[in-house]
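Each chain gets a letter, A, B and so on, in the order its sequence line appears, and its residues count up from 1.
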Amino acid sequence: MRPNFEPMSLVARVKEATAAALESINKLPFYADDVVVSTTKPEFEGDYTVVLFSLVKRLGKQPEALGNELGAWLTVNHGDLFTAFNVIKGFLNLTLADSVLLAGLETPAVFRPTPSSARKVMVEYSSPNTNKPLHLGHLRNNFLGWSVAEILKAAGHDVRKTCIVNDRGIHICKSMIAWQLFGDGATPQSTTIKGDHLVGDYYVRCETAIKEQYETLLGQTKKNDYSGIEPEAVDKLQALHAAIDSLDPDKEKEKRQKLVEERKELLRAQTPIMLKARQMLVDWENGKPEVIELWKKMNAWVYKGFDETYKRIGTDFDKTYYESETYLLGRRFVDMGVERGVFFRKEDGSVWIDLTAEGLDEKLVLRKDGTSVYITQDLGLAHQKYEEFPYDQSIYVIADEQNYHMKVLKLILQKLDMPYAGGIEHLSYGMVELPSGRMKSREGTVVDADDIVAEMVRESETRTAEKSNPQDFTPEELTALYETIGLGALKFFLLKVDPKKKMVFNPEESIDFHGFTGPFIQYTHARLRSILRKESPAASTGAASPLFRLEKELMLLLEQYPAILQEAASSFSPAVIANYIYAVARTCNSFYTEHKVLKAESEEKKQLRLRLCERTADTIREGMHLLGIRVPERM
RNA sequence: GGCCCGGUAGUUCAAUGGAUAGAAUAGGAGUUUCCUAAACUCUAGAUACAAGUUCGAUUCUUGUCCGGGCUACCA
């Protein structure tokens with residue numbers, strides 16, 4: 001028997017009762033997990049259904065006979081739980097007693113996890129780069145990470161939210177050099193452009209310059225003029241030019257295309273502005289004061305911008321790591337790995353790990369010049385995090401394009417026998433795509449986070465103006481309401497889809513406010529609160545049997561909340577909550593359209609329905625909170 | 001080439017190996033003397049293809065076709 005810190009769910013009780021019945025009838029051991037239970041399809045009589053097929057083989061009985069036998073035993077021995085049954089084909093449909101559901105309404109739906117199952121969990125998400133503002137993909141990441149952390153907390157775990165800021169590297173230097181060259185001293189104050197956007201603008205400016213200079217260099221080197229090119233690149237370029245010219249553009253298209261790409265990369269790295277950016281990176285690593293100062297200044301602009309965005313979308317972290325402070329931490333792993341024979345050193349001094357036995361490749365962990373690569377830095381950071389917060393589980397919310405990287409990270413730590421290696425989980429989520437395909441910053445098809453949030457809020461304003469009477473609200477209330485609805489629509493849209501799946505965002509059609517949406521659920525909540533403002537349920541609901549179908553359906557749904565929360569926590573899926581809350585809201589809408597609450601046919605029914613409204617509103621508020629979505633009292 | 005994902009109504013998403021594959025939206029038809037019509041009710045519409053395992057397959061296995069990602073001494 002498991003310790004009962006939580007009220008056992010009805011499904012669990014059905015399973016245990018059925019297992020007991022099987023054991024009693026057949027004198028064989030059965031466990032609750034042997035029993036498959038699902039909700040009964042609406043076209044059949046009953047609430048929960050036991051699937052008999054899986055039991056038939058073991059017992060050597062006909063499904064119908066087994067079902068009747070079980071149903072009879074259960075209604076006799078568990079009359080408190082079941083009032084009726086029927087058997088159709090291989091399914092035993094059981095009808096639950098009204099009293100069981102009514103009793104459930106008396107206790108609060110708060111879930112208390114068992115202390116023994118509580119884990120220390122670190123959740124890392126957001127992971128922005130400081131060279132450009134946040135975009136739609138970051139929003140999915142932020143909403144997911146924040147929500148998963150809250151779900152795990154609600155399920156009783158000790159959770160630490162973290163963020164790793166990628167604040168160093170060549171991409172930052174690109175923004176810095178472009179600002180130096182073209183910025184003319186521009187600041188967020190002087191331009192009234194949000195800091196992260198301003199820095200992002202110079203990143204784009206740098207990319208433009210690279211493109212132009214690349215074209216120039218291409219023409220120049222084709223004419224055999226290699227002035228300004230680093231000596232070690234000249235030979236390679238000459239070889240590439242020759243190779244490309246020798247290939248037939250039609251017959252050997254693919255091969256040629258590959259070489260052209262290679263030449264492009266090489267030439268881009270040789271453009272004057274890139275040479276300057278690379279020099280800047282070297283200067284940064286050497287701590288050259290004026291470079292560090294510029295870097296600090298521009299990063300400060302970006303952080304101010306990020307803070308605004310984070311505040312607006314409701315993201316927060318317990319701890320922020322900066323790559324500039326952690327990127328050297330992985331070095332010691334390299335020596336350790338070589339010592340233990342997990343890594344090997346090549347003649348040129350570079351260090352590798354051979355993962356071919358695991359079906360992967362050889363992976364570089366240290367460059368020949370002795371500097372760390374991405375994976376080395378992540379090794380160091382994983383260790384650092386563990387020292388600060390000895391986690392049982394460390395969840396990385398990172399897009400699925402990094403599946404390979406994360407696999408390698410975990411594998412290396414396992415090979416190094418790190419105690420925390422097993423707890424590393426990649427919450428791999430699909431990319432947000434446009435109808436035209438993937439968002440590409442090069443092609444300017446990236447949906448900016450601030451823009452889309454602003455647009456959603458504007459849209460909610462327009463729609464609210466059509467629906468509500470603005471005179472009912474103060475201006476402050478209206479502003480807050482638009483934020484609540486606009487962000488609710490956006491968050492729900494991004495969280496209702498299974499995290500693992502990629503999803504399509506259509507900016508034309510934007511995000512709906514009807515149907516399976518945040519505002520639909522917010523609206524349901526507001527209407528429920530509106531009823532409850534007029535009258536609160538009394539202390540006891542009294543006897544309101546028999547229950548109507550919709551009353552019962554709603555009660556059954558509400559009873560499932562703790563189980564749903566557990567499922568969401570174990571699968572790291574806010575979508576489970578979103579789907580559930582939507583089902584609750586939809587069922588509740590049908591319910592109070594069909595049955596009057598305040599003008600109910602009897603006092604008992606009125607009290608029952610008021611209690612149901614209250615419980616539904618609470619469940620919606622709680623569930624939406626786990627998604628980071630506020631619910632209004634009125635709208 | 002190798003490895004990893006995915007393919008469900010026109011569209012966007014659901015479905016611990018279980019009954020007649022659910023929703024939303026777009027389409028068609030209705031519901032405001034009754035607690036907010038951002039709602040409710042009805043209607044029509046889908047598992048890429050082919051084998052296999054199974055009492056039963058959207059789900060598991062294999063193959064084919066079609067998308068996407070990764071396969072950097074970038075991060």
When A:N589 and A:F91 are each assigned the nearest nucleotide of RNA chain B, the 5'-most assignment goes to A:F91

Going by distance alone, is a donor N or O of one side chain under 3.5 Å from an acceptor N or O of the other, for A:N589 and A:T524? yes

Taking only the P atom of each, what is the distance from B:A23 to B:U33 in whole angstrom? 28 Å

With sugar-phosphate meaning primed atoms plus P, OP1 and OP2, does A:K368 contact a base, only sugar-phosphate, or nothing at under 4.0 Å between heavy atoms? base

Indicate, with a heavy-atom threshold strictly under 4.0 Å, whether A:F516 touches base, sugar-phosphate, or nothing. sugar-phosphate

Indicate, with a heavy-atom threshold strictly under 4.0 Å, whether A:R438 touches base, sugar-phosphate, or nothing. sugar-phosphate

Under 30°, 30 to 60°, or over 60°: which ring-plane class applies to A:F516 and A:F492, parallel, tilted or perpendicular? perpendicular

Taking atom P in both B:A44 and B:A38, compute the distance separating them and give it to the nearest angstrom. 27 Å

Whole-angstrom distance between B:G67 and B:A26, as gauged at atom P: 31 Å

Given the 90°-from-0 boundary between syn and anti, B:U47 should be labelled anti

Any donor-acceptor N or O pair under 3.5 Å, side chains A:T517, A:D512: no

Looking at every strand, decide which applies to A:S54 at a 4.0 Å heavy-atom threshold: base, sugar-phosphate, or nothing. base

If you draw a 6.0 Å radius around NZ in A:K346, do more than 12 non-hydrogen atoms from other residues or ligands fall strictly inside? yes

Does one side chain, of A:T130 or A:D167, offer a donor that lies under 3.5 Å from an acceptor on the other? no

Select base, sugar-phosphate, or nothing to describe what A:V36 touches, counting heavy atoms under 4.0 Å on all strands. base

Chain A on RNA chain B: first and last contacting nucleotide, 5' to 3', under 4.0 Å to a heavy atom? B:G7 to B:A75

Check every strand shown and say whether A:N506 touches a base, only sugar-phosphate, or nothing at a heavy-atom separation below 4.0 Å. nothing

What stems, by residue range, does RNA chain B take part in, given at least 3 consecutive Watson-Crick or G-U pairs under 3.5 Å? B:1-7 with B:65-71, B:10-13 with B:22-25, B:27-31 with B:39-43, B:48-52 with B:60-64

Under 4.0 Å between any heavy atoms, over every strand shown, what does A:K596 touch: base, sugar-phosphate, or nothing? Just pick one. base

Counting only heavy atoms not in A:E285, do more than 12 sit closer than 6.0 Å to its CD atom? yes

Using a 4.0 Å heavy-atom cut-off across all strands, classify A:S530 as base, sugar-phosphate, or nothing. base

Write down the distance separating the P atoms in B:C60 and B:U8, rounded off to the nearest Å. 15 Å

At under 4.0 Å between heavy atoms, what does A:A526 touch on the DNA or RNA strands: base, sugar-phosphate, or nothing? base

Sugar-phosphate only, base, or nothing, as touched by A:V37 at under 4.0 Å among non-hydrogen atoms: base

With a 4.0 Å cut-off on heavy atoms, is A:M431 in touch with a base, just the backbone sugar-phosphate, or nothing at all? nothing

Determine the interatomic distance between C1' on B:A46 and the same-named atom on B:C13; round to the nearest Å. 13 Å

What is the nucleic acid contact for A:Y404, judged by heavy atoms within less than 4.0 Å: base, sugar-phosphate only, or nothing? sugar-phosphate

Would you mind classifying the nucleic acid contact of A:H595 as base, sugar-phosphate or nothing, using non-hydrogen atoms under 4.0 angstrom? base

Go through it in stages, so that I can follow the logic: the residues are A:E535 and A:K606, the test is salt bridge (Lys or Arg N to Asp or Glu O under 4.0 Å), and I'd like the CA-CA distance, side-chain angles, deciding distance and then a yes or no. CA-CA 10 Å; A:E535 189 164 349; A:K606 182 168 102 175; 3.0 Å; yes

Would you call the rings of A:Y327 and A:W284 parallel, tilted or perpendicular, taking 30° and 60° as the class edges? tilted

Using the P atom in both, what is the distance from B:U61 to B:G7, to the nearest Å? 13 Å

For A:V497, report the nucleic acid contact type (base, sugar-phosphate, nothing); a contact means any heavy atom under 4.0 Å. sugar-phosphate

Would you kindly compare A:E401 and A:T517 by the position of their nearest RNA chain B nucleotide and give the one closer to the 5′ end? A:T517

Mind checking the P distance from B:A39 to B:U47? Whole angstroms is fine. 29 Å

I'd like to know whether CD of A:E45 has more than 12 heavy-atom contacts from other residues, nucleotides or ligands below 6.0 angstrom. no

Between A:N141 and A:Y429, is any side-chain donor less than 3.5 angstrom from a side-chain acceptor? yes

If the P atom of B:C3 is compared with that of B:G63, how far apart are they to the nearest Å? 10 Å

Side chains of A:V631 and A:Q522: does their closest heavy-atom pair fall under 4.5 Å? yes

